[in-house]
**Student:** 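Shown below is the structure under consideration.
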Amino acid sequence: MAAMLLTGHGDVDMLVYHDDVPTPQPGPGEVLVKVTATAKNNTDRKAREGLYPVKKGEVTSFAMGGEPTLTFPRIQGADIAGRVVAVGEGVDPSRINERGLLDFNLYPDARRDINLTPDYYGHGADGGFSEYVAVPSDQFHHVPNPELSDAELAAMGMCSYQTAYHMMTSAGVKAGERVLVSGASGGVGTALIQLCRIVGAVPYAVSQQEKAEALKAMGAEAVIDRGDLEGFAERVLEATDGAPIDAVMDLVGGEMTDCFIDTMIQDMKARTSYPRLSIAGASGGNISEILWTRIYLYQVQIFGVSHGTREEAEQLIGWIRSGELKPVLHAAFRLSDLHQAERYFVSRDSNFLGKIVIVPDSQWDDHGAPFALEGHS
């Protein structure tokens, strides 16, 4: 089969396209999926560049289970949509031809409510930047919805949506609360905006003003410009009519995190719950300078979030099937053009909103061409 192999840590030249990779075979309890679309995530780039250190100065990928699981060559790509073409022992053959979406986690056990050693397809096992992938049958969820194209289904993949939902459940976000969403135009950010509205919370987006109308149409109550740190908290409070933010969903880190905390501790007498910050990214910097007295005197609760649980994945699939979650698809790229897609992903301009997906060249006409960027068909 054709696949893009990650051959080591480094730049996009470490991604090498091959058309002679052995097609995987489904083992017991697995299905073989013909991949039609796989969404791009920031974790693809960070794992490739070795940007998951747990000690200062490391260049590595995370190894939460104790041993590194990213070995080379590796096929990346976590958010896989496609169709079942074969089943392994113990799987009902009637599943053949089912279209579905993968719950991307490599779970350490069968627990449904907790996931303490997060790993995923595309990191600890081969993923969807290929023509075929073998995955657990109970994690490939049937989504027949005819109104959704395969590319749109991939754009609602679990890497973004489950991360977003786990940020909210960790912080106990509930109806009526004001939630500040950083990185609002990306995959996790757009998922957070939608999920806040589903549970009845009110999302305030941090993004570029050029994207304000699109984010408001998606459900953001207001859009606060991320560009100027001075006076940031005041601008947020102006958008909330002076009410403090109840919880922050932080995808940025760096010096922004302290500014985010400011939006929650302006008037503690006006609060009805503890200030809560969930962090699941550090696009603005991996080190933040924060006064711990601000954290413990104001009783700020901080939640580190990576992935989520089986229960949360199943809830998200239910919302996709019911139509309550909507795809935010920006564009599709051919698998053989993954270098170009990676560069586009990193150097996104003000028109970039939502997800891009990668489509195998053999599936391009049916599943990629309708969503190609202008001039890239």
Side-chain angles (χ1 to χ4, degrees), residues 1-19 21 24 35 37-65 67-80 102 104-106 117-131 133 135 154-155 157-160 162-163 183 186-188 251-254 280-287 306-307 330-348 352 354-361:
M1 68 174 180
M4 188 69 76
L5 301 182
L6 177 64
T7 58
H9 288 305
D11 202 353
V12 293
D13 61 316
M14 303 306 291
L15 293 163
V16 183
Y17 188 69
H18 287 264
D19 60 6
V21 178
V35 178
T38 300
K40 269 281 303 144
N41 290 287
N42 202 37
T43 191
D44 302 322
R45 176 190 65 84
K46 294 184 74 172
R48 168 170 54 79
E49 295 182 1
L51 297 181
Y52 284 120
V54 293
K55 298 177 182 177
K56 286 186 179 181
E58 280 187 333
V59 178
T60 187
S61 191
F62 61 87
M64 302 307 295
E67 296 292 332
T69 60
L70 177 61
T71 57
F72 304 111
R74 172 66 75 223
I75 300 171
Q76 294 187 290
D79 287 335
I80 302 166
L102 178 68
F104 76 128
N105 286 284
L106 290 169
T117 57
D119 201 356
Y120 59 96
Y121 284 89
H123 183 276
D126 285 338
F129 291 161
S130 60
E131 291 184 304
V133 64
V135 297
M158 295 294 106
C159 190
S160 289
Q162 196 185 39
T163 298
V188 179
L251 298 162
V252 178
S283 62
N286 204 31
I287 298 176
S306 182
H307 304 188
H330 178 70
F333 286 80
R334 284 184 174 86
L335 177 60
S336 61
D337 290 333
L338 185 58
H339 286 195
Q340 180 184 15
E342 291 278 357
R343 292 192 179 96
Y344 183 85
F345 183 85
V346 171
S347 61
R348 61 185 71 179
F352 194 118
K355 304 291 288 186
I356 63 173
V357 300
I358 307 302
V359 175
D361 293 39

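Everything numeric here is computed off the predicted structure, so don't read it as measured data. The figures that follow rest on heavy atoms only: side chains count, while hydrogens, waters and symmetry mates do not.
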**Student:** Is the backbone of His307 close enough, under 3.5 Å, to the side chain of Gln162 for a donor and an acceptor to pair up by distance?
**Tutor:** no
**Student:** Could you measure the distance from the OG atom of Ser160 to the CG atom of Asn41? Nearest 0.5 Å is fine.
**Tutor:** 4.5 Å
**Student:** Are any side-chain N or O atoms of His123 and backbone N or O atoms of Thr69, one a donor and one an acceptor, separated by less than 3.5 Å?
**Tutor:** no
**Student:** State the NZ-OG1 distance between Lys355 and Thr38, to the nearest 0.5 angstrom.
**Tutor:** 11.0 Å
**Student:** Nearest 0.5 Å, please: how far is CG in Leu251 from CG in Asn42?
**Tutor:** 9.5 Å
**Student:** Which class fits the ring pair Tyr344 and Phe333: parallel under 30°, tilted 30 to 60°, perpendicular over 60°?
**Tutor:** tilted
**Student:** What are the two closest non-hydrogen atoms of Glu131 and Ala2, and how far apart are they?
**Tutor:** OE1-N, 2.8 Å
**Student:** Compare every heavy atom of Ser130 with every heavy atom of Gly127, then report the nearest pair and how far apart it is.
**Tutor:** O-OG, 3.2 Å
**Student:** Do the non-hydrogen side-chain atoms of Asp44 and Phe129 ever get within less than 4.5 Å of each other?
**Tutor:** yes
**Student:** Between Val12 and Arg343, is any pair of side-chain heavy atoms under 4.5 Å apart?
**Tutor:** yes
**Student:** Would Tyr17 and Leu338 count as a side chain to side chain contact (heavy atoms under 4.5 Å, CB included) if you check the C-alpha gap in whole Å, the side-chain angles of each, and the deciding distance to 0.1 Å?
**Tutor:** CA-CA 9 Å; Tyr17 188 69; Leu338 185 58; over 6 Å; no
**Student:** Can you tell me how far CE of Met1 sits from NE2 of His18, rounded to the nearest 0.5 angstrom?
**Tutor:** 11.5 Å
**Student:** Heavy atoms only: give me the nearest Ala154-Ala39 pair and the separation to one decimal.
**Tutor:** O-CB, 3.3 Å
**Student:** Looking at every heavy atom in both Val357 and Ala155, which two are closest together, and how far apart are they?
**Tutor:** CG1-N, 4.2 Å
**Student:** Looking only at non-hydrogen atoms, find the nearest pair between Ala3 and Val21 and report the distance.
**Tutor:** CB-CG2, 4.0 Å
**Student:** Considering all heavy atoms of both residues, which atom of Val359 and which atom of Ala37 are nearest to each other, and what is their separation?
**Tutor:** CG2-CB, 4.2 Å
**Student:** Test your reading of the model: is there a side-chain donor-acceptor pair from Asp361 to the backbone of Ser336, 3.5 Å cut-off?
**Tutor:** yes
**Student:** To the nearest 0.5 angstrom, please state how far the CG atom of Leu6 sits from the CE atom of Met14.
**Tutor:** 7.0 Å
**Student:** Suppose we screen for salt bridge (Lys or Arg N to Asp or Glu O under 4.0 Å). Which residues come up paired with Asp11, at least two apart in sequence or across chains?
**Tutor:** Arg48
**Student:** Check each of Lys46, Arg45, Lys40 against Glu342 using the salt bridge (charged side-chain N to carboxylate O under 4.0 Å, His left out) test, and report the only one that passes.
**Tutor:** Lys40
**Student:** Between Asp119 and Leu106 (side chain of the first, backbone of the second, donor and acceptor by atom type, cut-off under 3.5 Å), is there such a pair?
**Tutor:** no
**Student:** Kindly assign one of parallel, tilted or perpendicular to the pair Tyr120 and Phe104, based on the angle between their ring planes and the thresholds 30° and 60°.
**Tutor:** tilted
**Student:** Could you give me the CA-CA distance, side-chain angles and deciding distance for His9 and Leu70, then say whether side chain to side chain contact (heavy atoms under 4.5 Å, CB included) is met?
**Tutor:** CA-CA 10 Å; His9 288 305; Leu70 177 61; 3.8 Å; yes
**Student:** Does some side-chain heavy atom of Asp126 sit less than 4.5 Å from a side-chain heavy atom of Pro24?
**Tutor:** no
**Student:** Distance check, rounded to the nearest 0.5 Å: Met158 atom CE versus Thr163 atom OG1?
**Tutor:** 10.0 Å
**Student:** Going through the checks in order, is the side chain to side chain contact (heavy atoms under 4.5 Å, CB included) test met by Ile75 and Leu5?
**Tutor:** CA-CA 5 Å; Ile75 300 171; Leu5 301 182; 3.5 Å; yes
**Student:** Is there side-chain contact between Gln76 and Ile358, with at least one heavy-atom pair below 4.5 Å?
**Tutor:** no
